[in-house]
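Naming: A, B, ... by sequence-line order, numbering from 1 per chain.
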Amino acid sequence: MLGFVARRLGLMVPTLFAISLVSFAIIQLPPGDYATTLVSQLEDSGQTVDTAQLEAIRERYGLDQPIVVQYWTWISNIVLHGDFGQSFQWNQPVADLLSSRLPLTIVLTLSTVLFTWIVAFPIGLYSAVRQYSWGDYVATTVGFLGLAIPNFLLALGLMYIALTVFDADVGGLFSAEYEEAPWSLARFADLLGHLWIPVIVLGTAGTAGLIRILRANLLDELHKPYVVAARSRGLSETRILFKYPLRVAVSPFLSTIGWVLPLLVSGEIVVSQVLSLPTTGPLLLRALRSQDMYLAGAIILLVSVLTVVGTLLSDILLARMDPRVRLGIR
Amino acid sequence: MTDMEFTGSTLTAAGPAVPPLLELSGLRTEFATRDGLVRAVDGVDLRIPPGSTVCLVGESGCGKSVTARSILGLVDPPGHVSGGHIWWQPPGGGERVDLAAYGRTDPRFRRIRGQQISMIFQEPLAALSPMYTVGDQLGEMLRLHRGLTKAEARDEAIALLKRVHIPRPEQRVDEYSFQLSGGMCQRVMIAMALSCSPDLLIADEPTTALDVTIQARILDLIAELQADTGMSVLFITHDLGVVAEIADEVAVMYLGRVVEHGSTEQIFTDPRHPYTHRLLRSVPRLGSGRQRVLPTVRGQVPHGARRPSGCAFHPRCDHAIAGVCDTVDPAALDGGDGHEVACVLYDDALRPDGRTLPLTVVEPEPVAEPVAAAVTGDRPPLLEVRDLRMHFPIRHGLFGRTTGQVHAVDGVSLAVRPGETLGLVGESGCGKTTLGRCIVRAETPTSGQIQYRAGDGDPVDVTRLTGGALRRYQRDVRTVFQDPFSSLNPRMTLRQIIGDPLVTHGIARGSELTDRVAEMLRKVGLSPDYLDRYPHAFSGGQRQRVNIARALILGPRLVVADEAVSALDVSVRAQILNLLRELQDEFQLTYVFISHDLSVVEALCDRVAVMYLGKIVELADTATLFTAPKHPYTEALLSAVPVPEPGRRTRRTRLSDDLPDPVNPPAGCWFHTRCPHAVAGLCDQPGRPPVLDTVAAGHDVACLRHAELDLTGVRTEM
Amino acid sequence: MTTTLLPEDQTPDPTPEQAPAPADRDRASQWRLVWWRFRGHKLAMAGLVVLGGFYLVALLASFLAPHSTSWFDEDYIYAPPQLPKLVDTSGDDWNWGPYVNGYTLEQDPDTLELTHTVDPGTRIELGFFVRGESYSLFGLVDTNIHLFGPKDPDQPVYLLGADHRGRDLLSLIIHGTRVSMTIGLVGVLLAFVLGVVLGGISGYVGGKTDGLIQRVVEFFMSLPTLPLWLGLAAALPRDWGPLQRYFAITVILAIIAWTDLARVVRGRFLSLRTEQFVTAARLDGSTRRRVIFRHMLPSFTSHLVASLTLSIPAMILAETSLSFLGLGLQSPVVSWGVLLEQAQNFRAMADAPWLLLPGVAVVLAVLSFNFVGDGLRDAADPYR
């Protein structure tokens, strides 16, 4: 088991390195560098730029250095000092901007993963065991729809219904009075009260996918010889189902975090934008629109790293569950 | 064959002395398929007396497995038991219960499954869950049915593993199924089945997926446990040898019905149903020598949805009575001695005048050929293998580091003489297939030479051929593959499949190609009308004919047939073997025939090489090897083969089924870990591995003790 | 008979009623068998019909739509949908012929906002093959005939309502079909080329090359895709024209989507490599090229087509999301995603919920692709 974790961690290193390269590339993609962008910003607002000031900025970020050195400066600042650079649009360190929003993104994503599992598991189970029943047909139909409706459309639809039927504004994660308040039990309760809509919106596609996967896997497993053998040994139907095929079918279920997590992180951006949540998504969009590239790069980097870490955790969980993975048998 | 007349009255009447443990009456199990309703089990009557072994025998698709599963309600949808009764007499007296009345998930079934009736399956590895240790699955049953605590269950599980002779049970109990060999898994399954001392064990082809040596050990184990516990066994198999070995009673099934039922003695010495007759005769018997022509059964088992009317066997029957057999559904007739047969020939009311019983055999007895007549030892060999090695690296981890090597073929030398049939035998994993693949250059060997003599010219080293020279070689040396299903591209017509070699070698195209392919189809016994059909239109036997046609279309000199008949049913197998012999005579072919089935090898081959862990351990002409083997491994292989003659049940040499790891073979003689004749201090010495020595003309053996050992082969009695 | 209960060739089939005569089956090629099986999936067939309809609309968009994309009427901003009617019963006689009701304009006295309401009293006659704006069909025929429209071209007809500039939403959705339904196809084709080449190399060559390509695939699959797309899309030069942008977006979509296809192709190659008929083809003297193209490729094209079909919906959804966020295609290009961007304005959506209608088209198209893809996947291996 330890060997497995070590192997898996070793695999992560090149992935993380590649992610940092991609993020840095995105920072570098737009024409011009940070200094020229700053100049045009300042000029737009009618200020003049001091050449000496400009040189100071160039020096600080190493903009006159070769690209490799720039990358090194950038990544070493992040790893060693937690310094993600400066957002010129907000005129604040990127780290400060993210410190309040990133935790909320994580809370939202994790809640959604949990929601997805809690909903998909019993439905997928039912759907497979009672194949071709009415419930199965309903679950399958809902599954198809869940995969076909873009989540922002779902968000819009929910908002429209909330607005017209319940006359309620459902945007945001906090009510107005708690928005700037320090953390307290009441604020947490308020968060929970708001969290469910984005969780449903965000979780629908993943839930639909998981239901389909669990159902298909379970249907495969239900007719395997070892199930027949277990039945021939006089085990009860529930015991057979829960001990044998389900255990095998759950393995791919766990490993789906690998694709559910990237999906959720992607979806979070769109949904948060529509529901105006105080998470990293809308911040990333704003940063990209105004080419505030240090901010954008930092968000892409962090979100990708978190995804990879989540996938790693799910792999370890999977190895705990499945001896074949743990012992390296394919 | 005895001359016992079927009189019905002179035989002693079998009284219903002991009520049967299990009685099937009129059992029907149906499947809804795309071709309509298939009655896989169509009115089966069967009784299993207490304490006896009843064998249910038949070719694939005849419904024997479904019958077994129906008893325990294990038939999954779309199949279901649709009629009849399954009367079960619970132990310790009490009312008989009808299991057919229980639904498949009926809770009442749970008291019977595993406790009163247990079952073992064909694929032991697949029948164990890979997610739990062996001990966990075994312990689960003990806790559930015998109410043991977790600790007690573990101790009992270890005791049970010991009882089924699993070495080091304290370790095995914590291992997973995929860490065990097939034979070990089957032992675990048996341990599980026996854990609650059942009254009936249903064994559904439990040894079919295993090597003969392992099969022999498993059969011994079942017999031993049966003697201990007094349970009954319902044993399902297609192998008449196994039947003769273990059965007290035999029921022969054909297309969902029992067509004949009697004691083992009755079935083997006085078979009554024409199908039983043909079945018994189409099996090559070990010890009957090389045979010119094997008796066959015409045609093949029809699809379940196209069951012929009347007696289902009549289209293939030599004794069919027109107007009777195709209309009358024969009922089971009891000869008064408990020997039942479902055939109108035995019904005095329906049998036409002039037909006499017992049935007379239409074709001549199998002709034994003079030993090694066809082989010309003086001509130079067609192909000479010299110190051939094929090593496969084992890769581990992310970057594919090589951590070891499997020595699939490890220093093999051997000559193939023109016109002969050379057999290659051994357990699975012994390297016989890899050797074959090296000869046809499907693999490039790691080292060694294969000298091939084309025409009268100098021999060329095949292992170094590339490009055009290799293609020319591959015209001369062709393969017939094992699996009739995966060896034919399902997306091509027969014209394309058989004609493709002609195109790639630039020999023929267009109408000439069509003519050649049609001619080849006729030669292998298929109609030229099949040219534009796809493989899915054909049965296993027909596909194997296509395979042969593809091999022969290039006019080869040497054909390597790798387990070419192993996937076929006995009746079809004999047809294909006969075809191979005919074609050999017609085209003066040389065969390298790879098989695990020693009786087939004996019937077909001139010389036989026995392989163990990548090495040849013995090589001799067939008669010598089978009657007077010099290597203990050959002796053990021969004695493991069950012979379809109940009278020849003997105590045998048994090999342990704990195979050495091919990556780290044992020191000294590689066979010494399993060898009953091994001597410590001699056979296990690293410095002195045995080499292949010539001990007599044409007889090579690799054994350190061959001179002092007196080994027994199979008895020849013709 | 190994693990299955049924004897060979007796596996149940979902199409009992479609089973063709055995003799036909024997001579049926792979594609006919696939088609016979596909035919049995009712949902997949329905999906196929809907998709056919969508592409027909895309092909004939200018003819089917009453207006072009640039047409607008500022007097009718956010005009609600009109219900087309067949018969007018308001008068004494029944007046047959399709028509819609006109609008009345009201101004809120406080906010000065204009609102339109459908006025049952007025009547605008609709006609088929009416003359309207001129366009060029397939770039060949110049004409001004539209399938339907108001008989008097100056009358306002908004069957699905109007947007913030007074454009006809129905016409916009019809024109948007072109971009939305093709961007998935083009993107998938690009991804297909990448996936087949890399997956094929990986599967056929094996060894170290395979290991390297597999790591790259795993890397791409572990990334959250949308932030990447966004980053790349945001970096596109602002001055690029609509066509350049269109292709840039398809390339971006393809860069991310090829991984799935590469995995499918690799998996198929690996499993096929061990099939005996491939070995047989090699021993029959086929060259490596012939083995690949004549024996291996035909064996998984059906699986490939199914995978391709199943990856198109993801592309459509991705384009829609990108455009919705304003980082994908941009006006004047019309796609369903671009149209939905208007709904991001929350007040506008509350007042004019019909702006969500392009979403219905998206859902319908994605559902159909999923159905067809599922049907194809089930039918892809008719020999199982």
Trainee: Count the heavy-atom pairs under 4.5 Å between each of G114(B), S195(B), S118(B) and chain A, then report the option with the highest count.
Mentor: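 Result: the option with the highest number of such pairs is G114(B).
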Trainee: Non-hydrogen atoms of chain A under 4.5 Å away: do they reach the side chain of F109(B), the backbone, both or neither?
Mentor: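 Contact with chain A involves no heavy atom of F109(B) at all.
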Trainee: Say whether, by atom type as modelled, one donor and one acceptor occur between the side chain of Q186(B) and the main chain of G183(B) under 3.5 angstrom.
Mentor: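 A pair under 3.5 Å: no.
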Trainee: Non-hydrogen atoms of chain A under 4.5 Å away: do they reach the side chain of D136(B), the backbone, both or neither?
Mentor: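 Backbone plus side chain of D136(B), per the 4.5 Å heavy-atom cut-off to chain A.
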Trainee: So what's closer than 4.5 Å to chain B heavy atoms on L235(A): side chain, backbone, both or neither?
Mentor: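 When you check distances to chain B, atoms from both the backbone and side chain of L235(A) fall under 4.5 Å.
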Trainee: Just by distance, do the side chain of R113(B) and the backbone of G73(B) share a donor-acceptor pair under 3.5 Å?
Mentor: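 Yes, R113(B) side chain to G73(B) backbone: donor-acceptor pair under 3.5 Å.
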Trainee: What about Y244(A) and Y132(B), are their ring centers closer than 6.0 Å?
Mentor: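 Yes; Y132(B) has its ring centre under 6.0 Å from that of Y244(A).
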Trainee: Looking at R212(A) and T207(A), would you say the former's side chain and the latter's main chain have a donor-acceptor pair under 3.5 Å?
Mentor: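 A pair under 3.5 Å: no.
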Trainee: Please state whether the side chain, the backbone, both or neither of M141(B) comes within less than 4.5 Å of a heavy atom of chain A.
Mentor: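 Answer is side chain: those atoms of M141(B) sit under 4.5 Å from chain A.
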Trainee: Give, as side chain, backbone, both or neither, the part of P107(B) having an atom under 4.5 angstrom from any heavy atom of chain A.
Mentor: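 Nothing of P107(B), per the 4.5 Å heavy-atom cut-off to chain A.
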Trainee: Out of M119(B), M192(B), R111(B), which one racks up the most heavy-atom pairs below 4.5 Å with chain A?
Mentor: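 Most pairs with chain A among the choices: M192(B).
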Trainee: Measure I202(B) against the heavy atoms of chain A and call it side chain, backbone, both or neither at under 4.5 Å.
Mentor: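 For I202(B), no heavy atom lies under 4.5 Å from chain A.
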Trainee: Does a salt bridge link E152(B) with R143(B), judged by any charged N lying under 4.0 Å from a carboxylate O?
Mentor: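 Looking at E152(B) and R143(B), the cut-off is not met.
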Trainee: Parallel under 30°, tilted from 30 to 60°, perpendicular over 60°: which one fits the rings of Y71(A) and F24(A)?
Mentor: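 Because their plane-to-plane angle is over 60°, the rings of Y71(A) and F24(A) count as perpendicular.
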